[in-house]
Amino acid sequence: MSGDHGRGDSQVNSGSKGSESHKHKDKHKEKEHKHKNHKKDKEREKLKHCNSEHKEYSEKKHKDKQKLRHSDGSSDKHREKHKDKDKEKRKEDKSLSSHSNRTKKEKENGYVRERSPAAIKSEPEDDNGFYPSPKHNKATKREMDDDEEFEYKPKKVKVEHDKKAKKRKHEYEDDEEDEYTKHKKKTKDKKATEGKKAKKEDEEKWKWWEEERYTDGSKWRFLEHKGPVFAPPYEPLPDKVKFYYDRKAMKLCAPAEEVATFFAKMLDHEYTTKDIFRKNFYKDWRKEMTSEEKSVITDLNKCDFREMSEYFKAQSEARKQMSKEEKQKIKEENERILQEYGFCIMDNHKERIGNFRIEPPGLFRGRGDHPKMGMLKRRIRPEDIIINCSKDSKQPKPPPGTKWKEVRHDNKVTWLVSWTENIQGSIKYIMLNPSSRIKGEKDWQKYETARRLKKCVDRIRSQYRDDWKSKEMRIRQRAVALYFIDKLALRAGNEKEEGETADTVGCCSLRVEHIKLYPKMDEQEYVVEFDFLGKDSIRYYNKIPVEKRVFKNLQLFLENKQPEDDLFDRLNTSILNKHLQELMDGLTAKVFRTYNASITLQQQLKELTCPEDSIPAKILSYNRANRAVAILCNHQRAPPKTFEKSMQNLQTKIDEKQKQLSAARKQLKAAKADHKASHDEKSKKAVDVKRKAVQRIEEQLMKLQVQATDREENKQIALGTSKLNYLDPRISVAWCKKWAIPVEKIYNKTQREKFAWAIDMAEKDYEF
DNA sequence: CGACCGACTTAGTATCCCTCTA
DNA sequence: TAGAGGGATACTAAGTCGGTCG
């Protein structure tokens with residue numbers, strides 16, 4: 001079905017070029033472009049189990065987008081009056097931009113001394129005797145204050161931010177205290193009385209957002225951690241589990257056996273049927289074999305891994321069948337490792353580490369048509385590991401008998417551990433959890449940048465519209481690309497090395513074959529059809545009417561080009577971002593995605609929320625607003641394998657409820673009649689009881705129906721990504737406060753931790 | 001410039017594990 | 001009291017973007 005989007009399957013002769021207009025990309029063109037997309041689409045479709053629906057979905061999506069865009073149009077004009085522009089500005093300045101003049105006099109040593117764990121450890125009353133309590137922090141800071149040498153005075157910082165915090169609070173205080181605030185205060189009070197526990201919780205609730213940020217480009221002053229957790233060593237298979245080559249049992253040497261188990265574990269996956277996967281695997285596997293093994297094993301098709309595969313299946317089955325105690329033991333062990341390795345101390349605070357486990361060896365699973373799928377991802381040893389921590393911290397120890405590759409002390413970066421991965425040769429990192437200060441500050445900053453864009457987006461839009469008329473090709477291309485990025489929330493689209501990764505594109509790397517122009521389509525004029533694979537090989541398919549000028553420009557860009565030529569041959573992300581930087585400080589292509597996502601959420605919430613709706617109905621509205629953003633950003637997911645079934649189950653429930661309801665109504669009617677006849681107290685009570693029952697069932701039914709709608713609409717749209725990465729959490733928090741909806745209904749525990757800053761600071765009148 | 005690298009964000013999916021139901 | 005269902009979490013791939021170097 002996906003063949004209908006008109007991409008030629010014809011092989012294109014390499015090196016054949018169109019116009020001279022794109023000569024500086026000759027090198028790129030020289031390479032042979034394989035028309036794989038067709039195949040890939042099919043694959044994706046298969047993956048998504050939605051062969052028949054895909055087009056429908058695309059069309060629906062398209063419609064949704066149109067709708068969305070319409071409402072967006074109002075923002076295009078940007079009619080908002082900016083009543084609180086000034087207020088906003090003040091806030092922003094205070095919180096982010098103008099951080100007080102920290103001098104450059106600060107000295108690492110001194111600061112570090114203050115934060116040294118030794119000092120922390122000496123605190124006797126501290127719960128765990130190791131990590132500082134906030135109370136303690138203050139004390140340390142005050143001590144620090146006596147040290148005249150440092151401008152970087154924690155106490156001063158503290159005082160300043162306290163003032164600021166107060167001021168900020170005052171700004172909001174003209175609002176009446178809403179339920180949410182009351183609730184918050186209450187819970188806080190309650191916690192304060194909980195003694196020891198409260199202390200711990202306070203530490204978790206450290207409000208970094210009320211503190212100063214570093215302005216010198218450093219990310220921390222003190223960093224101490226325990227290093228990574230390595231993958232468990234390979235455990236050879238029991239002798240009874242055999243590998244067969246050409247029907248004959250064969251014992252493999254440990255390294256070859258290990259790699260074979262990787263393949264065996266994936267036997268059920270369709271990956272293992274793919275040629276590239278098999279080829280890559282086989283090649284890397286052979287590297288692990290002894291010379292005898294190499295001489296015997298010459299054909300992967302003669303290898304039989306089934307017994308190994310069965311063994312692993314049995315193992316995982318056995319794991320499921322373990323007794324409670326055994327499971328509990330494992331859980332405790334995991335918890336212990338988490339406690340030991342899952343946290344670090346950064347600048348006086350215990351912070352959660354994101355992924356402290358080193359990626360175990362295995363077969364590389366790229367996404368989409370990845371040329372390297374099946375390659376062996378090798379085991380990482382301590383000798384591959386670079387540790388980053390502060391000089392005076394207790395350095396993590398490598399496992400006995402091993403050494404780290406390097407220990408460095410670079411406080412200009414945020415990572416704790418890094419290593420180079422062998423598939424792409426890229427660097428992998430261990431960094432902090434999203435709830436950490438270092439991630440949170442960055443996140444907050446991201447949304448502030450997007451809000452600054454809001455203020456000048458009109459200007460930028462009118463500028464790129466002007467640029468459509470430019471005499472210079474490069475400027476026209478830039479302007480059209482920017483229009484797409486703005487209107488369609490496309491990604492920037494860096495160039496990628498061909499043959500190293502799956503063939504995917506973003507805006508600047510779009511090729512001629514990815515768009516089709518229709519001067520007229522149905523009722524609409526100047527329609528552009530996009531069809532390409534974006535990040536993670538997710539298909540982007542969309543038909544949109546564009547302005548005449550854009551259309552004419554596109555026609556011009558397409559002149560004399562081959563399908564595999566770049567649409568924007570005079571443009572790349574670097575040029576585009578340099579231009580954007582000139583338009584607004586800190587502006588890059590991806591800011592448009594953040595901006596458009598957040599502004600869309602805000603508008604949609606305004607539009608969709610009915611004041612008289614029940615809470616579940618309001619939440620449905622929220623999810624729909626969220627969904628509008630996910631559609632805009634093309635965040636898709638494979639429909640859950642159990643989707644149809646779970647939908648059916650829900651429908652059954654609804655049917656049952658409906659029966660219940662009509663039964664309850666009948667009973668109510670009967671009760672009423674009864675009451676009419678007798679007029680006694682007892683029958684009156686009965687009526688009341690029945691009425692309440694009907695009401696309750698009605699509510700339950702409503703809830704179920706809402707749930708069904710929500711789920712259906714969510715079938716292949718993933719809300720998580722936009723929620724986590726594109727939507728200013730303050731919009732959601734404000735919405736919750738405005739409609740007295742508990743934030744828990746919108747954000748789960750992890751999300752609340754990540755967005756603690758927003759939950760704490762956003763009031764119901766927050767405007768993105 | 002443009003290739004390359006390093007650091008960091010964004011992304012979908014596999015797996016875990018908790019809760020609700022039968 | 002299992003076990004189905006589904007949300008939460010873990011995992012790691014794949015982007016963006018700025019800086020450096022030749």
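Per chain, numbering begins at 1; letters A, B, ... match sequence-line order.
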Quick one: side-chain hydrogen bond (donor to acceptor under 3.5 Å, both in side chains) partners of Glu500(A), sequence neighbours excluded? Lys372(A)

Roughly how many Å is it from CD in Glu753(A) to P in dA8(C), rounded to a whole number? 13 Å

Is the shortest distance from a Lys or Arg side-chain nitrogen in Arg511(A) or Asp565(A) to a carboxylate oxygen in the other one below 4.0 Å? no

If you look at every strand shown and take non-hydrogen atoms under 4.0 Å, does Pro360(A) touch a base, only sugar-phosphate, or nothing? sugar-phosphate

With DNA chain C as reference, determine whether Lys749(A) or His370(A) sits nearer its 5' end, using the nearest nucleotide of each. Lys749(A)

Look at all strands and tell whether Tyr429(A) reaches a base, only sugar-phosphate, or nothing, counting heavy atoms closer than 4.0 Å. base

Winner on side-chain proximity to Asn355(A), out of dC8(B), dT13(B), dT12(C), is dT12(C)

Could you tell me whether Thr414(A) contacts a base, only the sugar-phosphate backbone, or nothing, with contacts defined as non-hydrogen atoms closer than 4.0 Å? sugar-phosphate

Determine the contact category for Gly720(A): base if any of its heavy atoms lies under 4.0 Å from a base atom, sugar-phosphate if only primed atoms, P, OP1 or OP2 are that close, otherwise nothing. nothing

By nearest-nucleotide position on DNA chain B, the 5'-leaning member of Ile427(A) and Thr721(A) is Ile427(A)

Have a look at Lys377(A) and say if it touches a base, only the backbone sugar-phosphate, or nothing, with a 4.0 Å heavy-atom cut-off. sugar-phosphate

From the candidates dA7(B), dT9(B), dG12(B), the one with an atom nearest any side-chain atom of Lys439(A) is dT9(B)

Have a look at Lys219(A) and say if it touches a base, only the backbone sugar-phosphate, or nothing, with a 4.0 Å heavy-atom cut-off. sugar-phosphate

Per-nucleotide protein contact string for nucleotides 15-22 of chain B (B base, S sugar-phosphate only, - none; heavy atom under 4.0 Å): ---S----

List in chain and number order the residues that pass side-chain hydrogen bond (donor to acceptor under 3.5 Å, both in side chains) with Asn623(A), two or more places apart in sequence or in another chain; answer none if no residue qualifies. Asp710(A)

Among dG15(C), dA13(C), dC8(B), the nucleotide that comes nearest once only the side chain of Thr504(A) is considered: dG15(C)

Quick one: is dA11(B) close enough that its OP1 or OP2 comes under 4.0 Å of any side-chain N or O from Arg593(A)? yes

Side chain of Arg491(A) only, please: which of dA14(C), dG12(B), dG15(C) is the nearest? dG15(C)

Listed partners of Ala589(A) passing side-chain contact (heavy atoms from CB on, under 4.5 Å), at least two apart: Ile485(A), Ala492(A), Leu576(A), Asn577(A), Leu580(A)

Which residue lies toward the 5' end of DNA chain C, Asn748(A) or Glu421(A), if each is placed at its nearest nucleotide? Asn748(A)

Heavy-atom neighbours of Lys749(A) NZ exceed 12 at 6.0 Å: no

Without decimals, in angstroms, what is the distance between Met266(A) CE and dA14(B) C1'? 11 Å

Are Asp284(A) and Arg378(A) close enough for a salt bridge, meaning some N to O gap below 4.0 Å? no

Is any side-chain N or O of Lys496(A) closer than 4.0 Å to OP1 or OP2 of dG15(C)? yes

Indicate, yes or no, whether a donor-acceptor pair under 3.5 Å links the base of dT10(B) to the side chain of Lys535(A). yes

The complete set of salt bridge (charged side-chain N to carboxylate O under 4.0 Å, His left out) pairs with one or both residues in residues 418-429 of chain A, sequence neighbours excluded, reads Glu359(A)-Lys428(A)

side-chain hydrogen bond (donor to acceptor under 3.5 Å, both in side chains) partners for Glu258(A), two or more places apart: Arg379(A)

Ignoring the backbone of Arg357(A), work out which of dC8(B), dT10(B), dC11(C) is nearest its side chain. dC11(C)

Tell me, please, which residues at least two apart from Glu406(A) pass side-chain hydrogen bond (donor to acceptor under 3.5 Å, both in side chains). Arg408(A)

Relative to the 5' end of DNA chain B, which residue comes earlier, Ala718(A) or Gly425(A), by the nucleotide with the nearest heavy atom? Gly425(A)

Spacing of His635(A) atom NE2 relative to dT10(B) atom C1', expressed in whole Å: 7 Å

Could you check whether the rings of Tyr540(A) and Phe532(A) sit parallel, tilted or perpendicular, using 30° and 60° as the cut-offs? parallel

Keeping to residues at least two apart or across chains, list the ring pair (Phe, Tyr, Trp, His ring centres under 6.0 Å) pairs with something in residues 481-500 of chain A. Trp468(A)-Tyr483(A), Phe484(A)-Phe530(A)

With 3.5 Å as the limit, what N/O pairs link the protein to nucleotides 17-19 of chain C?
{"from": "dC17(C)", "atom 1": "OP1", "to": "Thr588(A)", "atom 2": "OG1", "distance (Å)": "2.7"}
{"from": "dC17(C)", "atom 1": "OP1", "to": "Ala589(A)", "atom 2": "N", "distance (Å)": "3.3"}
{"from": "dC17(C)", "atom 1": "OP1", "to": "Lys590(A)", "atom 2": "N", "distance (Å)": "2.8"}
{"from": "dC17(C)", "atom 1": "OP2", "to": "Asn577(A)", "atom 2": "ND2", "distance (Å)": "3.0"}

Spacing between Met373(A) atom CE and dA13(C) atom P, to the nearest angstrom: 13 Å

Would you indicate, yes or no, if dA13(C) has its OP1 or OP2 atom less than 4.0 angstrom from a side-chain nitrogen or oxygen of Lys428(A)? yes

Does Lys446(A) place a side-chain N or O at less than 4.0 Å from the phosphate oxygens OP1/OP2 of dC8(B)? no

Contact class for Arg367(A) (heavy atom, under 4.0 Å): base, sugar-phosphate, or nothing? base

